[in-house]
Amino acid sequence: MTPGLLGPAEIRDLAARLGVSPTKKLGQNFVHDPNTVRRIAAAAALTADDVALEVGPGLGSLTLALLPAAAHTHAVEIDPTLAAALPQTAARHAGPYADRLTVHRADALRVTAAELADPAPTALVANLPYNVAVPVVLHLLAALPSLRHGLVMVQKEVADRLVAGPGSKVYGIPSVKLAWHAHARAAGRVPPNVFWPVPNVDSGLVAFTRREPPRPEVPRERVFAVVDAAFAQRRKTLRAALAGWAGGPDRAAAALVAAGVDPGARGESLTVEQFAAVAASAPTGTPAAQ
């Protein structure tokens, strides 16, 4: 084992000392395989200038691999016991790199750019809790404009949804909303046996690179309202599915035609650019146009 990284014995000993047991409520599955940690850190493609943001560092397995790779690492941890222990773990295992760590006892779904401003994070690298993975990624991309790229480990089913394209059976709300912010791609599979406790599903790595929104002049909230409406009733045609959003099926059809979209199409066939075009064509005088 590479010096400084935590293996299965170290993970269990540290958890025992802290009186910590992984909980389903917080979606905790701790990585205890150094090779997996090295693989994630390498796949994140951090540069010496990057400032890493890790969400849910847990006992610190991945944190220890990020500290030498980035100029600084912000670790956001909601569990008070784990948050308090992480600086000590870094001091014990990371040597001179321990000073590159700032731990934030906070909820990643509510953290703001102001809280992470010094220095501002440029790369999200995290083993995300399964139960909040998608909202965490979307919140951080919206709240932290400094984020340029990232690599996250999530449940394989969620990874497939995040990187899916139009026409795929798993293409849906997470796919489109992530595409608004970034280009995403699958970056590998992670087996269950590298975690403690062992989950009953595989995990997947998703890499992303920030991009300009397809229609920057259209508010994100307006585009996402169209996306939500389209997939809330994904078996219906867009003319029917967007009726509530537009103020009636005829208004929905008019907005779709104006955007160059067939009113008889379904949401699963549209690109993020087409969703943005529909949002931009919202009929005047309706809530959708506000």
Practice task
Look at D13 together with R17 and state whether they make a salt bridge at an N to O cut-off of under 4.0 Å.
Solution key: no

Practice task
Determine whether V134 and V158 make a side-chain contact, defined as any pair of heavy atoms from C-beta on separated by less than 4.5 Å.
Solution key: yes

Handout entry: W196 side chain reached by I11 side chain, heavy atoms, under 4.5 Å
Key = yes

Exercise for the section: Check for a donor-acceptor pair, side chain of R189 on one end and backbone N or O of G204 on the other, with a separation under 3.5 Å. Expected result: no

Handout entry: Test: R215 and E217 ion pair at under 4.0 Å
Key = yes

Practice task
Kindly indicate, with the supporting measurements, whether the criterion side chain to side chain contact (heavy atoms under 4.5 Å, CB included) is fulfilled by V125 and V152.
Solution key: CA-CA 6 Å; V125 188; V152 295; over 6 Å; no

Handout entry: Atom pair OG (S168) and CG (D160), whose distance is rounded to the nearest 0.5 Å
Key = 8.0 Å

Exercise for the section: Please tell me if the side chains of K156 and V190 come closer than 4.5 Å, counting only heavy atoms from C-beta onward. Expected result: no

Exercise for the section: Determine whether H74 and P119 make a side-chain contact, defined as any pair of heavy atoms from C-beta on separated by less than 4.5 Å. Expected result: yes

Exercise for the section: Let me know which of L151, L66, T122, V51 forms a side chain to side chain contact (heavy atoms under 4.5 Å, CB included) with L46. Expected result: L66

Exercise for the section: Just do the side chain to side chain contact (heavy atoms under 4.5 Å, CB included) check on W245 and V278 with the steps written out, would you? Expected result: CA-CA 11 Å; W245 164 80; V278 174; 3.9 Å; yes

Handout entry: Exam field: side chain R210 to backbone L141, donor-acceptor pair closer than 3.5 Å
Key = yes

Practice task
Give a yes or no on whether F208 and V132 share a hydrophobic cluster (residues Ile, Leu, Val, Met, Phe, Trp, Tyr; joining criterion: side-chain heavy atoms under 4.5 Å apart).
Solution key: yes

Practice task
Just say parallel, tilted or perpendicular for the rings of H181 and F224, cut-offs at 30° and 60°.
Solution key: perpendicular

Practice task
Could you tell me which non-hydrogen atom of W180 sits nearest to which non-hydrogen atom of P214, and how far apart they are?
Solution key: CE3-CD, 3.5 Å

Fill in the blank from the handout: When rounded to the nearest 0.5 Å, the distance separating OG of S61 from CG of D33 is 9.5 Å

Exercise for the section: Indicate yes or no: at least one non-hydrogen side-chain atom of R220 is less than 4.5 angstrom from one of V223. Expected result: no

Handout entry: Heavy-atom side-chain contact between N29 and P197 under 4.5 Å
Key = yes

Problem - Linked, directly or transitively: I173 and V226 (ILVMFWY side chains, under 4.5 Å) - result: yes

Practice task
Report the distance from atom CG of L162 to atom CZ of R185, rounding to the nearest 0.5 Å.
Solution key: 14.0 Å

Practice task
Please answer whether the main-chain N or O of A52 pairs with a side-chain N or O of T73 as donor and acceptor at a distance below 3.5 Å.
Solution key: no

Handout entry: Contact check, side chains of P34 and L6, non-hydrogen atoms, under 4.5 Å
Key = no

Practice task
Spell out, yes or no, whether V170 and L178 are grouped together once hydrophobic residues are joined by side-chain heavy atoms under 4.5 Å, including indirect joins.
Solution key: no

Practice task
Measure the spacing between CG of L59 and CZ of R12 and express it to the nearest 0.5 Å.
Solution key: 11.0 Å

Exercise for the section: Ignoring hydrogens and angles, tell me if any N or O in the side chain of E10 forms a donor-acceptor pair with the backbone of G7 under 3.5 Å. Expected result: yes

Practice task
Provide the closest heavy-atom pair for R39 versus A187 in the form atom of the first, atom of the second, distance.
Solution key: NH2-O, 4.3 Å

Fill in the blank from the handout: Interatomic distance, OG@S281 vs CZ@R251, rounded to 0.5 Å, equals 14.0 Å

Handout entry: R105, CZ atom: more than 12 neighbouring heavy atoms under 6.0 Å
Key = yes

Completion exercise
Closest non-hydrogen contact found for A106 with V76 is O-CG1, 3.5 Å

Problem - Contacts of type ring-ring contact (aromatic ring centres under 6.0 Å, His included), residue H32, not counting sequence neighbours - result: none

Problem - Donor-acceptor contact below 3.5 Å, side chain S269 vs main chain A265 - result: no

Practice task
Mind checking the CG-OG spacing from L116 to S146? Nearest 0.5 Å is all I need.
Solution key: 8.0 Å

Problem - Residue pair F30, V194: steps toward the side chain to side chain contact (heavy atoms under 4.5 Å, CB included) verdict - result: CA-CA 8 Å; F30 301 134; V194 304; over 6 Å; no

Practice task
Check M153 against V31 and note the closest heavy-atom contact, atom names and distance.
Solution key: CE-CG2, 3.7 Å

Practice task
State plainly whether the residues D228 and K177 are in salt-bridge range, i.e. N to O under 4.0 Å.
Solution key: yes

Fill in the blank from the handout: All heavy atoms of P263 vs all of V257, minimum pair found to be CG-CG2, 3.8 Å

Exercise for the section: Classify the side-chain pair H72/D50 by whether it contains a donor and acceptor separated by less than 3.5 Å. Expected result: no

Exercise for the section: Determine, for E273 against R211, whether the closest basic-nitrogen to carboxylate-oxygen distance falls under 4.0 angstrom. Expected result: yes

Problem - Donor-acceptor pair, side chain of E77 and main chain of D79, under 3.5 angstrom - result: yes

Problem - Audit row: L256, D262, side chain to side chain contact (heavy atoms under 4.5 Å, CB included) steps and yes/no - result: CA-CA 6 Å; L256 290 159; D262 178 4; over 6 Å; no

Practice task
Check whether any side-chain N or O of R266 sits under 3.5 Å from a backbone N or O of R235 as a donor-acceptor pair, and report yes or no.
Solution key: yes

Handout entry: Ion pair R234/E268, N-O distance below 4.0 Å
Key = yes

Practice task
Mind telling me whether Y171 and F231 have parallel, tilted or perpendicular rings, with 30° and 60° as the class edges?
Solution key: perpendicular

Practice task
Check each of T36, L5, I40 against L62 using the side chain to side chain contact (heavy atoms under 4.5 Å, CB included) test, and report the only one that passes.
Solution key: I40

Problem - Heavy-atom side-chain proximity of V111 to L140 below 4.5 angstrom - result: yes

Problem - Considering all heavy atoms, the nearest H149-A45 contact - result: CE1-O, 3.9 Å

